[in-house]
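Take a look at the structure set out below.
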There are 2 protein chains.
Amino acid sequence: MKLSTRSRYGTRMVLDMAKHYNEGPIQIGEIAQRVNVSVKYLEQLIIPLKKADYVKSVRGPKGGHMLKKAPNETTIGEIVNVLEGGINLSECVENPDVCDKSKDCLARGIWEGATKAMYDKLNSMTLSEMIECDKRV
Amino acid sequence: MKLSTRSRYGTRMVLDMAKHYNEGPIQIGEIAQRVNVSVKYLEQLIIPLKKADYVKSVRGPKGGHMLKKAPNETTIGEIVNVLEGGINLSECVENPDVCDKSKDCLARGIWEGATKAMYDKLNSMTLSEMIECDKRV
DNA sequence: CATATTCTATATTATTTTAGTAGGTATTTA
DNA sequence: TAAATACCTACTAAAATAATATAGAATATG
């Protein structure tokens, strides 16, 4: 149950934006270079982040992208949730109707519990906490 | 980061075996019917479970498969681990060398923490506890 | 010991998801 | 108006997943 590169690369990108918060729009080419992912791929990842209101963009020369909310108001879990399209180990956790046995499924309860544990962990750290944590090293 | 059907179907199968522990070998056709997965697919899933010493099999008429260890000696996490080929959200958690930035990667720490939370949860319940839990309902 | 039954092994195919690329369009600044 | 930048749509390639098919090997039982 690996995270897709969407989440992993997207998280790198968002952390990069967080590092440069309050420096105005950052061009995607710059970010791509720093996080070592192609511009074209990052462009795709920005779309859902904009829709979910985590990123805003400015067009034209001197344009670019930036976080819409302060880094201490967003957790890693929120970002992963957007990029991964939901955080859960099995479809039935979110939508019990996909299986007619969901109601008394032995396994479903476990997937639900493990999903929650993971989710809580991912939501326990904000972007700014991660960056601060990094500076101390 | 969904579990594959391997883990989900395989878990159903193992739980079925656990329910019939001490009833001698259970034929895979029976199990397939009860858990609603094709015989052929389950046959594939049994292979790694045998290699990892969780299942033993008997050939010939009246043959079948059964758990090698008692249901209270095996956790769901162990089964998922075998079927999924390791439990971790990112390759770098298990094998830091896949990325030359692992050592001071902001994201890696988070993947590691969330992986552990999930892992602990999955290992917190044995097969027999799950079945007991079911009976009470 | 013959045979039916069951697991075992290998190969193949189809489907879906993931990852990545390409090229053109819209907007804005200077 | 020209250049820089984000935005949009479509496409392709590769990998992983899911599932099926066929033939082989072991063994209990009559």
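Sequence lines set the chain letters: A, B, ... in the order given, protein chains first and strands last, and positions in each chain run from 1.
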Protein-nucleotide distance (Met66(B), atom CE; dC7(C), atom C1'), rounded to Å: 12 Å
Do Lys2(A) and dT18(C) have a side chain to base donor-acceptor pair shorter than 3.5 Å? no
Which sits closer to the 5' end of DNA chain C, Ser57(B) or Val37(A), going by the nucleotide each is nearest to? Ser57(B)
Figure out the CG/C1' separation between Leu49(A) and dC7(D), and round it to whole Å. 15 Å
If you check every side-chain atom of Glu43(B), which of dA19(C), dA9(C), dC7(D) has the closest atom? dA9(C)
Pro61(A) has its side chain closest, among dA4(D), dA9(C), dT21(C), to dA4(D)
Does dA18(D) have OP1 or OP2 sitting under 4.0 Å from an N or O in the side chain of Thr5(B)? yes
With DNA chain C as reference, determine whether Gln44(A) or Val58(A) sits nearer its 5' end, using the nearest nucleotide of each. Gln44(A)
Quick check on dC7(D): is either OP1 or OP2 less than 4.0 Å from any side-chain nitrogen or oxygen of His65(A)? yes
Spacing between Lys62(A) atom NZ and dA6(D) atom P, to the nearest angstrom: 13 Å
Worked verdict on Ser90(A) versus Lys2(B) for side-chain hydrogen bond (donor to acceptor under 3.5 Å, both in side chains): CA-CA 5 Å; Ser90(A) 172; Lys2(B) 297 282 187 293; over 6 Å; no
Integer-rounded Å distance: dT6(C) C1' and Gln33(B) CD: 16 Å
By the 4.0 Å heavy-atom rule, please label Gly29(B) as base, sugar-phosphate, or nothing. nothing
Rounded off to whole Å, could you give me the OH-to-P distance for the Tyr41(B) and dT10(C) pair? 19 Å
Apply side-chain hydrogen bond (donor to acceptor under 3.5 Å, both in side chains) to residues Tyr9(A) and Ser4(A) and explain how you reach the verdict. CA-CA 9 Å; Tyr9(A) 294 178; Ser4(A) 63; over 6 Å; no
Kindly point out which of dA23(D), dA19(C), dA18(D) is positioned nearest to the side chain of Lys40(B)? dA23(D)
Ionic contact status for Asp120(A) with Lys116(A), cut-off 4.0 Å: yes
Nearest-Å distance for atom pair NZ/P, residues Lys51(A) and dC7(D): 12 Å
I want to confirm an ordering. Mapping Tyr9(B) and Arg59(B) to their closest nucleotides on DNA chain D, which one lands closer to the 5' end? Tyr9(B)
Under 4.0 Å, counting only non-hydrogen atoms across every strand here, what does Ile28(B) touch: a base, just sugar-phosphate, or nothing? sugar-phosphate
Which is true for Lys50(B) with a 4.0 Å heavy-atom rule: it touches a base, it touches only sugar-phosphate, or it touches nothing? sugar-phosphate
Nearest whole Å is fine: how far is dG20(C) P from Leu45(A) CG? 10 Å
For residues Thr75(A) and Asn123(A), is any side-chain donor paired with an opposing acceptor at under 3.5 Å? yes
Can you check the Leu3(A) CG to dA19(C) C1' distance for me, whole Å? 15 Å
To the closest 0.5 Å, what do you measure between CD (Glu73(A)) and CG (Leu127(A))? 10.5 Å
